[in-house]
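When a ligand or atom number is given, it counts from 1 through the structure's own listing order. Remember, predicted model here, so these are calculated numbers, not experimental data. Residue numbers start at 1 and run along the sequence shown.
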Amino acid sequence: MSHPLVSQFNRLRYNFYAPFYDRLAGVFAGQRRRAINLLEPLPDERILIVGAGTGLDLDFLMPCRRLTAIDISPGMLAKLQQRARSLGLAVEARVMDGEKLAFVDGEFDAVVLHLVLAVIPDPVACLREVERVLKPGGRVVVFDKFLPDAGHASLLRRSVNLMTRLIATDINRRLGEIVAATGLTKTHDEPAGFGGFFRIALLRK
Ligand SMILES: C[S@@+](CC[C@H](N)C(=O)[O-])C[C@H]1O[C@@H](n2cnc3c(N)ncnc32)[C@H](O)[C@@H]1O
């Protein structure tokens, strides 16, 4: 389902966050490196970064020659383009809704989903689109915060979520449920900080 109002809100708030986003999200360099090592992108593969933000992942994708980055926020993508230029990387950057990717089926070898499934209004719609644009056998790496699949959100956690959703991110989504709504298979899942609150997972088409 498309959520134009929430997407409009995301565009506005991330345009606002863009100038100082790196000071907050820069702390996840270790997790980004680990996630992209697990993805094992090859130099000639077509790689898509969905909800790419300011491009903090680009530092770890240096050997990749066919990078595409999309985001709903032009402000975040402008920062990404600056970073790509300073790294000497050619990146096709496009403002686009991650729930409605403007690519044909099977265009990409691998997709990076870092800190976006907990932000995008409909993570299932996003992951189904990712599945569609992946080649058979294509890989996805996810790094984000999730509620454990078998876990129950406490009243405190649900209350805190009302605030975190407004300013940043949903903390009560279950990766297992999101993946189960697609044809993708989870091949790897590991804790990635804060006692397993953050996770890194690999999916395959
Ligand atoms: C927490 S930031 C993560 C940015 C980047 N992936 C990173 O790891 O630093 C979430 C990003 O998702 C983007 N976003 C939110 N809704 C989106 C949508 N519907 N389609 C594409 N990008 C979206 C935001 O603009 C923002 O750049």
Side-chain angles (χ1 to χ4, degrees), residues 1-39 41 47-61 64 67-84 87 89 91-103 108 110-130 132-133 140-146 161 163-171 173 178 192-194 197-201:
M1 195 199 305
S2 152
H3 299 81
L5 278 180
V6 187
S7 293
Q8 176 69 9
F9 175 59
N10 274 343
R11 181 180 292 119
L12 288 174
R13 68 179 169 148
Y14 278 98
N15 280 342
F16 175 74
Y17 296 157
F20 51 90
Y21 178 82
D22 289 2
R23 266 177 263 158
L24 303 172
V27 298
F28 296 118
Q31 286 90 338
R32 294 179 195 282
R33 179 180 293 107
R34 169 70 181 153
I36 290 169
N37 279 345
L38 285 169
L39 187 67
I47 312 293
L48 173 65
I49 316 172
V50 175
T54 59
L56 286 167
D57 293 314
L58 295 181
D59 293 1
F60 309 102
L61 289 162
C64 299
L67 289 168
T68 303
I70 71 106
D71 200 284
I72 201 87
S73 156
M76 296 291 270
L77 275 188
K79 288 277 177 191
L80 179 144
Q81 283 166 313
Q82 276 174 16
R83 172 172 274 110
L87 291 171
L89 269 181
V91 181
E92 183 194 353
R94 291 170 64 178
V95 176
M96 196 183 292
D97 188 341
E99 296 178 9
K100 281 184 283 178
L101 296 174
F103 302 111
F108 294 94
V111 177
V112 176
L113 289 177
H114 286 179
L115 304 176
V116 67
L117 286 181
V119 169
I120 202 159
D122 186 341
V124 168
C126 174
L127 199 56
R128 283 186 177 148
E129 277 293 88
V130 165
R132 182 182 66 74
V133 303
V140 185
V141 70
V142 176
F143 161 56
D144 222 318
K145 63 213 88 53
F146 295 102
N161 196 35
M163 198 172 56
T164 59
R165 276 177 64 182
L166 192 65
I167 54 172
T169 184
D170 196 313
I171 59 168
R173 292 182 177 171
I178 300 168
F194 293 86
F197 182 56
F198 284 88
R199 306 202 70 79
I200 294 172

Taking only distance into account, with no hydrogens and no angle test, what donor-acceptor pairs under 3.5 Å do side-chain atoms of residues 20-27 form with protein atoms, sequence neighbours excluded?
residue, atom, partner, partner atom, Å
Asp22, OD1, Thr54, OG1, 2.5
Asp22, OD2, Arg83, NH1, 3.3
Asp22, OD2, Arg83, NH2, 2.8

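- Under the rule for a salt bridge (Lys or Arg N to Asp or Glu O under 4.0 Å), Arg11 has no partner lying at least two apart in sequence or in another chain.
- Distance alone, capped at 3.5 Å, places no donor-acceptor pair between the Arg32 side chain and the Phe60 backbone.
- In this structure a side-chain-to-backbone donor-acceptor pair under 3.5 Å is present from Arg132 to Phe103.
- Taken to the nearest 0.5 Å, the NZ atom of Lys145 stands 10.5 Å off from the CZ atom of Phe194.
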For ligand 1, output the ligand-protein N/O contacts shorter than 3.5 angstrom; if there are none, return none.
residue, atom, partner, partner atom, Å
ligand 1, 6 (N), Gly51, O, 2.7
ligand 1, 6 (N), His114, O, 2.7
ligand 1, 8 (O), Arg32, NH1, 2.7
ligand 1, 8 (O), Arg32, NH2, 3.3
ligand 1, 8 (O), His114, O, 3.3
ligand 1, 9 (O), Tyr21, OH, 2.6
ligand 1, 9 (O), Arg32, NH2, 3.0
ligand 1, 16 (N), Asn10, ND2, 3.1
ligand 1, 19 (N), Asp97, OD1, 2.9
ligand 1, 20 (N), Gly98, N, 2.7
ligand 1, 22 (N), Ile72, N, 3.2
ligand 1, 25 (O), Asp71, OD1, 2.6
ligand 1, 27 (O), Asp71, OD1, 3.3
ligand 1, 27 (O), Asp71, OD2, 2.7

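- When the ring pair (Phe, Tyr, Trp, His ring centres under 6.0 Å) test is applied to Phe146, no partner is found at least two apart in sequence or on another chain.
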